[in-house]
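Everything numeric here is computed off the predicted structure, so don't read it as measured data.
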Amino acid sequence: MISLTDSQKIGMGLTGFGVFFLFFGMVLFFDKALLAIGNILFVAGLAFVIGLERTFRFFFQKHKMKATGFFLGGVFVVLIGWPIIGVVLEIYGFFLLFRGFFPVVVGFIRRIPVLGSILNLPFISAPP
């Protein structure tokens, strides 16, 4: 089992609540307030989990500036009151920021019994 510090535990909770509020805000037809709260909690939780310095280094790497601009720009657009446009910008920025992490997630999911067998079907899995 992984040992977490108290601040990392708080960060996991904040990130979880942030994802919940983002999802709930989208389910309720892009509710501005819920999306804004979700964005703030998600970014704050990320900072608590990996630390402020590593968060800044992650977001402000030279090759990730475009992705950071879209993601944080989307957060800003949601905060000023245009939730649909903001969420689209955030999703695009999120995929640009974390695109290197997606193969790791898919590799992990392939090891889960039921989901792994679904991902290994011939029409879903990539050719070798």
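Hydrophobic cluster membership for Val27: Phe23 (Ile, Leu, Val, Met, Phe, Trp, Tyr linked by side-chain heavy atoms under 4.5 Å, directly or transitively). The other residues sharing a hydrophobic cluster with Leu28 are Ile10, Leu14, Phe17, Phe20, Phe21, Phe24, Leu34, Ile37, Leu41, Phe48, where clustering joins ILVMFWY side chains under 4.5 Å apart.
Between the CG atom in Leu46 and the CZ atom in Phe42 there is a gap of 5.5 Å [rounded to 0.5 Å]. To the nearest 0.5 Å, the span separating OG1 on Thr55 from CD1 on Ile50 amounts to 3.5 Å.
Residues meeting the salt bridge (charged side-chain N to carboxylate O under 4.0 Å, His left out) test with Arg57, sequence neighbours left out: Glu53. For Phe29, there are no ring-ring contact (aromatic ring centres under 6.0 Å, His included) partners, not counting sequence neighbours. Legend: residues meeting ring-ring contact (aromatic ring centres under 6.0 Å, His included) with Phe98, ordered by chain and number and at least two apart, are Phe58, Phe94. For the side-chain hydrogen bond (donor to acceptor under 3.5 Å, both in side chains) test, residues two or more places apart in sequence or in another chain that qualify with Ser7 are Thr5. When the side chain to side chain contact (heavy atoms under 4.5 Å, CB included) test is applied to Val114, the partners found at least two apart in sequence or on another chain are Ile118. Asn120 pairs by the side-chain hydrogen bond (donor to acceptor under 3.5 Å, both in side chains) definition with Arg110, not counting sequence neighbours. Met26 is linked by a side chain to side chain contact (heavy atoms under 4.5 Å, CB included) to Phe30, Leu35, Val87, counting only residues two or more places apart in sequence or in another chain.
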Going by atom type alone, with no hydrogens or angles, which donor-acceptor pairs under 3.5 Å involve a side-chain atom of residues 67-84 and a protein atom two or more places apart or on another chain?
from, atom 1, to, atom 2, distance (Å)
Thr68, OG1, Phe59, O, 2.3
Thr68, OG1, Lys64, O, 2.9

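The list of side chain to side chain donor-acceptor pair (under 3.5 Å) pairs with a residue in residues 36-48, not counting sequence neighbours, reads Asn39-Glu90. Under the side chain to side chain donor-acceptor pair (under 3.5 Å) criterion, no residue pair touches residues 14-34, with sequence neighbours excluded.
Cluster annotation: Leu89 is not connected to Met65 through the hydrophobic network of ILVMFWY side chains, with a link wherever side-chain heavy atoms come within less than 4.5 Å. Under the 4.5 Å side-chain contact rule for hydrophobic residues, Phe102 and Val19 share a cluster. Cluster annotation: Ile85 and Val88 are assigned to distinct hydrophobic clusters (Ile/Leu/Val/Met/Phe/Trp/Tyr, side-chain heavy-atom contacts under 4.5 Å, transitive).
Annotation: Phe101, atom CZ; neighbour count of heavy atoms from other residues, nucleotides and ligands within 6.0 Å does not exceed 12.
Closest approach of Lys66 to Tyr92, counting heavy atoms only: NZ-OH, 3.7 Å.
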